[in-house]
Amino acid sequence: MSTLTLRDRYLAMVRMRRFEEACLAGVADREIHGEVHLGIGQEAIAAGLLGYLTDEDALVSTHRNHLHALAKGVPMYPLMAEIFEKRTGLCGGFGGHMHIFDLPRRFSTTGIVGSTLPVALGHAYAARLSGRASVAVGVTGDGGANAGGFHESLNIAGSLRLPLVVLIENNEWAISVPFEESTATATLAERAVSYRAWGKRVDGLDVLAVASAFGEAVDYARSGLGPAVLEATCYRFRGHYEGDPDMYRPAGDRDARRRDRDPLLITRESVVVEGGADPVSLAQEEQAIADEVDTVLAAVRRDLMPDGMQARDHVFTRGTAR
Amino acid sequence: MSIASEAAVRNVNVSQCVAEAINLEMDRDASVVMLGEDIGRSGGVFGTTRGLQRQFGPDRVRDTPISEMAFTGMAVGLAMEGYRPIVEIMFVDFIGVCLEQVYNAAAKIPYMTGGAVKMPIVFKTAGGCIGSAAQHSQCLWGLFAHLPGMRIVVPSSPYDYKGMMAAAIDSDDPVVFIEHKGLLLRKAGSFAHGREVPRERYLAALDRAAVLRPGSDVTLVTLSLTVGESLAAAAVLADEGISVEVIDLRSVVPLDFDTICASVAKTGRLLVVDEDYLGFGLSGEIVTGAVERVGTSAVRHVLRHGVPDVPVPAALSLEQQIVPRQASIERAVRKLASRS
Ligand SMILES: Cc1ncc(C[n+]2csc(CCOP(=O)(O)OP(=O)(O)O)c2C)c(N)n1
């Protein structure tokens, strides 16, 4: 079990929310070009991962990846700079928001839905080959769980008992298609039995519930028993991407969910009421986080875009493509 | 432009033209069915299927799970059952997860069966650079074109988006219909060519190129979004005394060499502008095919302007260096025209 307190996790969630809001500002000012996917409303899942993974463990995320990057310990500055396509970014501005790579922290992403689990499986196999007691986390949305790579990867992991942890963020929608319309079973966690995997479904708005379930999943996989499937339920607060008119979801339901079931507010309430936190000092810490993010945003905004003359670099390790 | 033809320009965007074509085909032929992600309830991420599910119901306009391998293969089975499926692969980049069913099944079955089995499938998909980096910006028509058995069409004007979609659905061959994300939301009135889109059903030829602007110094062959960019470039270059003949390919497979060669025989200079990767693709095919047909003495100079063989980068400063657009097209024409 991790030593992190509820307050620690809450403050991590605040940091994640502020980070996403900084990205929103970048969209509004047209600094980020291309359609960016934010994880607002899904912070309790990412914050639940904290404390269980080291740099030896891998995490492979999706198009909606910012919060997972922060949870994996990717530093905020080069992460935001990459999202803003700056030369100071993790990938020098070549990757962009859907293609975040931080090799030392074994963090990577893909914009192709369903392509995360196979890569995570490779990390899990590397752990086996190198005799490392590490795990590989592959993240998918509920939609991505219906891509073939989900089945193929989990079957391999199950048959070889590889330390693959599949984290499904079930936010009920895959763009405009609701979960129950696209999926044969009532839950995704119940698929675990098909792969001889550990499986659990958890309330993804409850950061402590996520933390304890994720801890179990990681322990299971790390101990060599095979893969684990953790399904965390949540709700996508914003459109699929920034700019999505989001006309396909009932607006009344969406507004109510955002108002009444905001994991940030729910968690804050617990920190204050159950944890007895002093509201004044908590507010100070929240402000400090907001200031930290603002400072990073201001610095990223001052950074330069990559030099256009380098557009043909990096195709091969040496020499040019043409 | 005359007043009469101005009046004929409707206030529709390109996506609406596509939706209109599919609507008319589905209405007249109950065997036309559609499968894809977000095509029903939301009407497509670019609106190219708006209203279809409401009109024809969820069985004929099916929102699928994100299971491209399965629903692309479904189209093959449906075709064998006598249906005429339209499959939407939201972005052409996603073809990587389901190319199998496209090139090993749909494209080969008519041939493998000695012509006994038809595959009247439309693979409808969107390509092109709009700032979405390496995995969401590709064109890939050259990739499909390399694989035998499919017609590959790439319209550039509102008129063709509608008429060629109708013809693609009407065709008994598998047709890959590649839209450009940067054109779909543009209004018909903003185009310099093919702005007038009849309300009624019509079919536009699937296999003919079109000379959009006559010229005598340089033959510029292009397709999709760079057609408009090339027309704009040609207008600028005309003021500099360079006369550019602009050919809109419309079809990648088959290539209309008659039209290309007639022009090249006249100008002696061939420039291919292609938003797809430069190497091993469309531009090389056109140049080689033209030289083979009209001979090296008739084609005095050739030049290709495409995406150099690098993935599309995220940052705008990098993207602008590699994606052909009006200014870079003008530079390419000047370079070619200056050769004597
Ligand atoms: C192979 C592939 N198919 C389709 C897409 C387009 N697409 C991007 S995200 C998305 C929905 C993903 O839904 P889900 O996995 O539930 O994740 P969420 O967006 O809800 O976080 C789709 C269809 C894609 N990027 N890759």
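Sequence lines set the chain letters: A, B, ... in the order given, protein chains first and strands last, and positions in each chain run from 1. Note that these values count all heavy atoms, side chains included, but never hydrogens, waters or copies made by symmetry. Computed from a predicted structure; not experimentally measured.
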### Task
Please confirm whether the backbone N or O of A:Val139 pairs with a side-chain atom of A:Glu169, one donor and one acceptor, at under 3.5 Å?
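Between the backbone of A:Val139 and the side chain of A:Glu169 there is no qualifying donor-acceptor contact (under 3.5 Å).
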
### Query
Taking A:Glu231 for the side chain and A:Ile168 for the main chain, is one N or O donor matched with an acceptor at less than 3.5 Å?
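Here the side-chain-to-backbone pair does not exist.
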
Based on non-hydrogen pairs under 4.5 Å, which of [options] is most in contact with chain B?
{"options": "A:Asp142, A:Leu304, A:Asn146, A:Asp244", "result": "A:Asn146"}
{"options": "A:His99, A:Met247, A:His240", "result": "A:His99"}
{"options": "A:Glu181, A:Gln310, A:Lys86", "result": "A:Glu181"}
{"options": "A:Phe84, A:Phe94, A:Tyr241", "result": "A:Phe94"}
{"options": "A:Thr110, A:Val36, A:Ile32", "result": "A:Thr110"}

### Message
Parallel, tilted or perpendicular, judged at 30° and 60°: which one describes the rings of A:His97 and A:His66?
### Response
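A:His97 and A:His66: perpendicular rings.
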
Region of [X] in contact with chain B, defined by heavy-atom distances below 4.5 Å:
{"X": "A:Pro178", "value": "both"}
{"X": "A:Thr183", "value": "neither"}
{"X": "A:Asp307", "value": "backbone"}

Tell me, for [X] versus chain A, whether the close heavy atoms (under 4.5 Å) come from the side chain, the backbone, both or neither.
{"X": "B:Ile322", "answer": "side chain"}
{"X": "B:Gln135", "answer": "both"}
{"X": "B:Glu37", "answer": "neither"}

### Task
Have a look at B:Ser230 and tell me which of B:Leu220, B:Leu223, B:Leu271 forms a side-chain contact (heavy atoms from CB on, under 4.5 Å) with it.
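Option passing the side-chain contact (heavy atoms from CB on, under 4.5 Å) with B:Ser230: B:Leu220.
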
### Task
Could you tell me whether A:Lys72 and A:Asp102 have a side-chain N and a carboxylate O separated by less than 4.0 Å?
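Salt bridge flag = no for A:Asp102 with A:Lys72.
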
### Task
Could you tell me whether B:Arg334 atom CZ has more than 12 heavy atoms of other residues or ligands within 6.0 Å of it?
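Count over threshold, so yes.
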
### Query
Are B:Lys181 and B:Phe91 in a cation-pi setup, meaning NZ or CZ lies under 6.0 angstrom from the ring centre and within 45 degrees of the ring axis?
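Yes, B:Lys181 sits over the ring of B:Phe91.
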
### Interface residue of largest heavy-atom contact number with chain A, from B:Gly40, B:Cys98, B:Ser42, under 4.5 Å
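Option with the greatest count: B:Ser42.
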
### Message
Let's test your reading of the structure: which of B:His136, B:Glu68, B:Met69, B:Gln320 forms the most heavy-atom pairs below 4.5 Å with chain A?
### Response
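Option with the greatest count: B:His136.
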
### Message
Set out, in order, the CA-CA distance, both residues' side-chain angles and the distance that settles side-chain hydrogen bond (donor to acceptor under 3.5 Å, both in side chains) for A:Ser176 and B:Asp38, then state yes or no.
### Response
CA-CA 6 Å; A:Ser176 70; B:Asp38 305 286; 2.6 Å; yes

### Query
Of the non-hydrogen atoms in A:Arg236 and A:Gln42, which two are nearest, and what is the gap between them?
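Answer, listing the atom of A:Arg236 first, then A:Gln42: CA-OE1, 3.8 Å.
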
